[in-house]
Amino acid sequence: MFYINENFLNLQDSYLFSTIAKKVAEFQQNNPDKKVIKLGIGDVTKPIVPAVCDAMKKAVDEIGTAEGFKGYGPEQGYDFLRKVIAENDYKGLGIEPDEIFVSDGAKCDCGNIVDLFDSESKIAITDPVYPVYLDTNVMGGRSGKFNKDTGKYENIIYMPVSSENNFVPELPLITPDVIYLCFPNNPTGTVLTKQQLKKFVDYAKENKSIILFDAAYEAFIQDENIPHSIYEVEGAKDVAIEFRSFSKTAGFTGVRCAFAVVPKTVYGLSKSEEKISLNKLWNRRTTTKFNGASYIVQRGAEAVYSEEGRKQIRENIEYYRENAKIIKEGLEKAGFTVFGGVNSPYIWLKVPEGLTSWEFFDELLSKANVVGTPGSGFGPSGEGYFRLTSFGTKENSIEAIRRITEVFGG
Ligand SMILES: *Cc1c(COP(=O)(O)O)cnc(C)c1O
């Protein structure tokens, strides 16, 4: 009998969203007359904008002709998309099209990138965290054992973020090889200024670490001093890989398109101390294991950058932003301490004194009939916090706040 990759047995089952679904179903069964408002899951709700749909329709017609048919495309993405990304998202930042790798999702990219690192690499993550960074390293054998008492893996470096440090992670005491950063952050909705991000870039340079920067929520930034890309920080092009996605920007969660930026100036070391270009390694990995995102989808993604597309997408983002504002300000009025919700679709609130994240979940569901996500599901430092999202309708956001105020306000 063959043996399996034992690292998988080291994964902790995530009961988060299945437990939420079960609790909601149970409540709904016992209270069929109650209208439950779901502000839990991080999926968008607005339809794909017309400019993008038109571009995809055109591409569909094109591949149905003898002249326009497309077979396998370039694994790294079509030039037309890589160019338009470089010219728009990285204008003035010196990122070249051949440093951009188009994919079918930032989740896969974040998970796949670990192929490039030694199995002994030390990994640093923020706590709470988007679980993909952690679990893919557990699968890769870099985590050590899970400690049930602390809720942490032995060999992972956790950088806690909470109201105590204003959600700015501190530089780790043990030097990591790989540092995951996600800003605007999921789940906390908080951001880093350029100066705060620069500390990490300088640290990575000094300690010869690499930063994996997840900018999936970049489109939600509205404050001027908040960097959209890590490459706005001087020196980042030598130490950072950036992930972006059309999922939250343009509602592509079901359409699927994203990209990774791997600058040609990022090097890692071989055991014989030779400098190896990560751009070359990622290119090799991509061409070996991936046959490219669909032509139709890439034409859709290209239209995100057209004048019409940009305008239409802006409107959707504004809609979610307005919801975030309604939720954030409503909660504050009701007496809650609230973080995020300005440069992010996520609102991260402190649960009332004396309750755990899950206890608050139960109260919110039973008394206000509103569903959110318990912070403790994202890591031990998320305990005492709770995530609401602005991806619902405006009507539901208003109604949710009305109910929450009625139950918890004053
Ligand atoms: C939604 C999200 C992504 C995007 O994932 P896709 O696979 O591109 O849909 C990436 N990172 C974070 C933190 C996210 O929340």
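Numbers here simply count residues along the sequence, with the first being 1. Indexing begins at 1, ligand by ligand and atom by atom, following the structure's order.
In this structure, the protein non-hydrogen atom closest to atom 15 (O) of ligand 1 is Tyr217 OH, 2.5 Å. Given atom 3 (C) of ligand 1, the protein heavy atom at minimum distance is Lys248 NZ, 3.5 Å. In this structure, the protein non-hydrogen atom closest to atom 7 (O) of ligand 1 is Arg256 NH2, 2.7 Å.
For ligand 1, the polar-atom distance check finds an N/O of Ser245 within less than 3.5 Å of one of the ligand's N/O atoms.
Under 4.0 Å from ligand 1, the heavy atoms of Cys182 that appear belong solely to its side chain.
A cation-pi arrangement, defined by a distance under 6.0 Å to the six-membered ring centre and an angle within 45 degrees of its axis, is absent between Arg244 and Phe259. A cation-pi contact links Lys46 to Tyr319, judged by a cut-off of 6.0 Å to the six-membered ring centre and 45° from its axis.
Residues Glu318 and Arg321 are paired through a salt bridge, judged by an N-O separation under 4.0 Å between the basic side chain and the carboxylate. Between Arg142 and Asp118, no side-chain nitrogen of the basic residue sits less than 4.0 Å from a carboxylate oxygen of the acidic one, so the salt-bridge criterion is not met.
Phe386 and Phe336 have their aromatic ring centers separated by at least 6.0 angstrom.
The contact set between ligand 1 and Lys107, taken as ligand atoms under 4.0 Å from a residue heavy atom, comprises 5 (O), 6 (P), 7 (O). Close contacts between ligand 1 and Gly105 involve ligand atoms 7 (O), 8 (O) [criterion: under 4.0 Å to a heavy atom]. Those atoms of ligand 1 that come under 4.0 Å of a heavy atom in Ser247, given as number and element, are 6 (P), 8 (O), 9 (O).
Looking at Ala258, Pro184, Ala216, it is Ala216 that brings a heavy atom closest to atom 10 (C) of ligand 1.
For the pair Leu331/Ile347, a side-chain contact is recorded, criterion being any heavy-atom separation below 4.5 Å from C-beta on. For the pair Thr175/Ser209, a side-chain contact is recorded, criterion being any heavy-atom separation below 4.5 Å from C-beta on.
The aromatic rings of Tyr78 and Phe80 sit parallel, their planes meeting at an angle under 30°, below the 60° perpendicular limit.
Residue contact check for ligand 1: Asp214 places a non-hydrogen atom closer than 4.0 Å to it. Between Gly42 and ligand 1 there is no heavy-atom distance shorter than 4.0 Å. The shortest heavy-atom distance from Phe252 to ligand 1 is not under 4.0 Å.
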